[in-house]
Amino acid sequence: MTSAERSRLVRLQDTNMTIAATDSDIRGHRVLDKDGNNLGKVDALLIDEQEEKVRFFEVATGGFLGIGKDKSFIPVDAITHIDDKDVYLNLLTDTVAGSPPYDPDLVEDNVFFYDTYGYYGFLPYWGMGYVYPPFPYYPGRY
């Protein structure tokens, strides 16, 4: 798939799609960085409309009663392990905190997601040589 063929990413809740395997739905899971620090909770899954695969998840941090939350988009490639309630990353808190901000009124999606993959050091899913991670079936997961 080339960038010209790349399909749009949409939030799962904004589609009529559902996740067949309930263990794939990590929304509400706590997200832990490489050192075990709590980054927040998975707020949304971003799905590739063409291949129907989760490409990014959105982490909501801070805020009070849903107001003032900061959001970070993280590629599923950063996940090292998932259990019943937690998602473990190979990233540090400072790395996630410094990720490119997303404002749909100010950025173009293609550029944002390309830059975000680059920021985290992963190949974009539409690039040559990309291999989808084992999401959600990581070693040690039952």
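Counting from 1, the numbers follow the sequence of the chain as shown. Just so it is clear, the values below take in all heavy atoms, side chains as well, and ignore hydrogens, waters and symmetry mates.
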Stepwise side chain to side chain contact (heavy atoms under 4.5 Å, CB included) test for I26 and I82 = CA-CA 8 Å; I26 58 173; I82 299 172; 4.0 Å; yes
Does any part of the side chain of [Y], heavy atoms only, come nearer than 4.5 Å to the side chain of [X], both counted from C-beta?
X	Y	value
P124	Y130	no
L89	I74	yes
V76	Y132	yes
D43	K71	yes
R11	E58	yes
L9	I47	no

ask   = Under 30°, 30 to 60°, or over 60°: which ring-plane class applies to W126 and Y114, parallel, tilted or perpendicular?
value = tilted
query = Once the angle between the rings of F122 and Y120 is folded into 0 to 90°, is it parallel (under 30°), tilted (30 to 60°) or perpendicular (over 60°)?
reply =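 Aromatic pair F122/Y120 classed tilted.
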inquiry  = Does L46 form a side chain to side chain contact (heavy atoms under 4.5 Å, CB included) with V10? I'd like the steps, not just the answer.
reply    = CA-CA 5 Å; L46 278 76; V10 294; over 6 Å; no
request  = Answer yes if Y119 and V96 sit in the same cluster of Ile, Leu, Val, Met, Phe, Trp and Tyr residues linked by side chain heavy atoms under 4.5 Å apart, and no otherwise.
outcome  =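 Yes, same cluster.
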inquiry  = Measuring from atom CG of L123 to atom CG of D77, what distance do you get when rounded to the nearest 0.5 angstrom?
reply    =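 Atom-to-atom, L123:CG and D77:CG are 8.5 Å apart.
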ask   = Roughly how far apart are K85 NZ and K41 NZ, rounded to 0.5 Å?
value = 9.5 Å
query = By the rule that ILVMFWY residues connect when side-chain heavy atoms come within less than 4.5 angstrom, directly or transitively, which residues belong alongside Y88?
reply = L32
Are any side-chain N or O atoms of [X] and backbone N or O atoms of [Y], one a donor and one an acceptor, separated by less than 3.5 Å?
X	Y	answer
D33	L92	no
D35	N37	no
T95	L91	no

note = So ring-ring contact (aromatic ring centres under 6.0 Å, His included) across residues 31-60, not counting sequence neighbours, yields F56-F113, F56-Y117
task = Take L39 and T93 through the test side chain to side chain contact (heavy atoms under 4.5 Å, CB included) and record every step on the way to the result.
result = CA-CA 7 Å; L39 296 174; T93 299; 3.3 Å; yes
message = I want to check a possible cation-pi pair here: K53 against Y125, using under 6.0 Å from ring centre and within 45° of the ring axis as the test.
response =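 So K53 doesn't make the cation-pi contact.
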Heavy-atom pair of closest approach, residues H29 and D84 = NE2-O, 3.1 Å
